[in-house]
Amino acid sequence: LLVTVLLAAVSSHRLSGQVLPGNDFGTLSLHAGVLAPLTTFEDPSFGESKLESGLALGASVTTWPTRGRWGFRAQRIRSRTDGTNAQYEFAPLAVNDPTQWIATGEFAFRQPMDLGALTGFPYLSAGVGMKQYNWTDAVHQEDRFLAWTLALGAELRHSALGPFALSLEARNYFSKFKAFGIEDADSWEPGFYGGNISGVNNHDLLFTTALGWVF
């Protein structure tokens, strides 16, 4: 259905309507995929907890200032990740299923490829940003941590799609998870759902597909 809509939208375009790498200034994309947290958290009172994978939605804009191989990228992702604990149903992370917001700014490098009617490029990007957890039941509703990111992807453009492009991306996020629902990692938050998780190296994977408009 998506392909049918795109083909109808660009039916007036000839093969020359395709925007080729090297003639473009950038891409505005909408992403959908899965955020997969990989870290297990240890709470002194409740044992091990973790966050399950969740649907991820977001948007990005990539610019190529010189229309060459290097550029800049900004991306924002939202995902709801359910918390689990094998022993305690009311462990803090088990009841505080967070909504995660991740925003990053990155430097990107690409290698254009020409396959006839199909063109595009693999790309690599790396940068830094912020990860925010919006907790469900914690008295302290938000926690924010610095996040580093490294991504590998490929953007594909077909002559029949004119200015539209499809992309696939695999991304790593690295951050320091210093506390759960509290500002001070050495003290408890008031309320039944308070918890304490001191500094933990946090790692997440993000896999997305995207539909982009090339300009």
Evaluation steps, side-chain contact (heavy atoms from CB on, under 4.5 Å), between Thr39 and Asp204
CA-CA 7 Å; Thr39 303; Asp204 304 284; 5.8 Å; no
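- One distance of note links CH2 of Trp70 with CG of Leu124; it measures 16.0 Å at 0.5 Å rounding.
- When each of Phe177, Trp101, Phe41 is tested with Tyr133 by the rule ring pair (Phe, Tyr, Trp, His ring centres under 6.0 Å), just one qualifies, namely Phe177.
- Using modelled atom types, one side-chain atom of Asn85 and one backbone atom of Glu48 make a donor-acceptor pair closer than 3.5 Å.
- Remark: the backbone N or O of Gly26 is not paired with any side-chain donor or acceptor of Asp24 at under 3.5 angstrom.
- With sequence neighbours excluded, the residues satisfying ring pair (Phe, Tyr, Trp, His ring centres under 6.0 Å) with Tyr88 are Phe46.
- Put simply, the side chain of Lys50 does not reach to within 4.5 Å of the side chain of Pro37, judged on heavy atoms.
- Pairing each heavy atom of Val214 with each of Ala165, the nearest pair is CG2-CB, 3.9 Å.
- Both Trp213 and Leu161 sit in one connected hydrophobic cluster of ILVMFWY residues. Membership requires side-chain heavy atoms under 4.5 Å apart, directly or through other members.
- Proximity of Leu156 to Leu118: side-chain heavy atoms (C-beta onward) are separated by under 4.5 Å at one or more points.
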Which pairs would a plain distance check flag for residues 54-68, meaning a side-chain donor or acceptor within less than 3.5 Å of a matching protein atom at least two apart in sequence or in another chain?
unit_1, atom_1, unit_2, atom_2, d
Ser60, OG, His31, NE2, 2.7
Thr62, OG1, Arg73, NH1, 2.8
Thr66, OG1, Gly68, N, 3.4

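- Minimum interatomic distance between Tyr123 and Leu168 (heavy atoms only, all atoms of both residues): OH-O, 4.2 Å.
- When every heavy atom of Arg110 is checked against every heavy atom of Gly22, the shortest pair comes out as NH2-N, 3.6 Å.
- Across Val34 and Ser53, no two heavy atoms sit closer than the pair CG1-CB, 3.9 Å.
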Could you walk me through whether Lys176 and Asn202 satisfy the side-chain hydrogen bond (donor to acceptor under 3.5 Å, both in side chains) test, starting with their C-alpha distance in whole Å, then the side-chain angles of each, then the deciding distance to 0.1 Å, before giving a yes or no?
CA-CA 6 Å; Lys176 191 76 169 181; Asn202 189 41; over 6 Å; no
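- Within the 3.5 Å criterion, the main-chain N or O of Thr99 finds no donor-acceptor partner in the side chain of Arg78.
- When all heavy atoms of Trp135 and Leu93 are compared, the closest pair comes out as CZ3-CD2, 3.6 Å.
- A salt bridge links Glu142 with Arg144: at least one charged nitrogen is closer than 4.0 Å to a carboxylate oxygen.
- Residues Arg157 and Leu20 fail the side-chain proximity criterion, which asks for heavy atoms closer than 4.5 Å.
- Linking Ile, Leu, Val, Met, Phe, Trp and Tyr residues whenever their side-chain heavy atoms come within less than 4.5 Å places Leu51 and Val200 in a single cluster.
- Using a 4.5 Å heavy-atom cutoff, the side chains of Phe174 and His203 are in contact.
- Contact annotation: the side chain of Leu211 approaches that of Leu166 to within less than 4.5 Å [non-hydrogen atoms, C-beta and beyond].
- Closest of all the heavy-atom pairs between Leu206 and Gln75 is CD2-NE2, 4.0 Å.
- Both Phe164 and Phe215 sit in one connected hydrophobic cluster of ILVMFWY residues. Membership requires side-chain heavy atoms under 4.5 Å apart, directly or through other members.
- Formation of a donor-acceptor pair under 3.5 Å by the Asn134 side chain with backbone atoms of Pro98 is not found in this model.
- For the residue pair Arg171/Thr208, the side-chain donor-acceptor check at 3.5 Å is not satisfied.
- Checked by atom type and distance alone, the side chain of Ser175 never pairs as donor or acceptor with a backbone atom of Leu146 at under 3.5 Å.
- Proximity of Tyr173 to Trp148: side-chain heavy atoms (C-beta onward) are nowhere separated by under 4.5 Å.
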Applying side-chain contact (heavy atoms from CB on, under 4.5 Å) to Arg80 and Thr136, what does each step give before you reach the verdict?
CA-CA 11 Å; Arg80 175 68 180 269; Thr136 303; 3.8 Å; yes
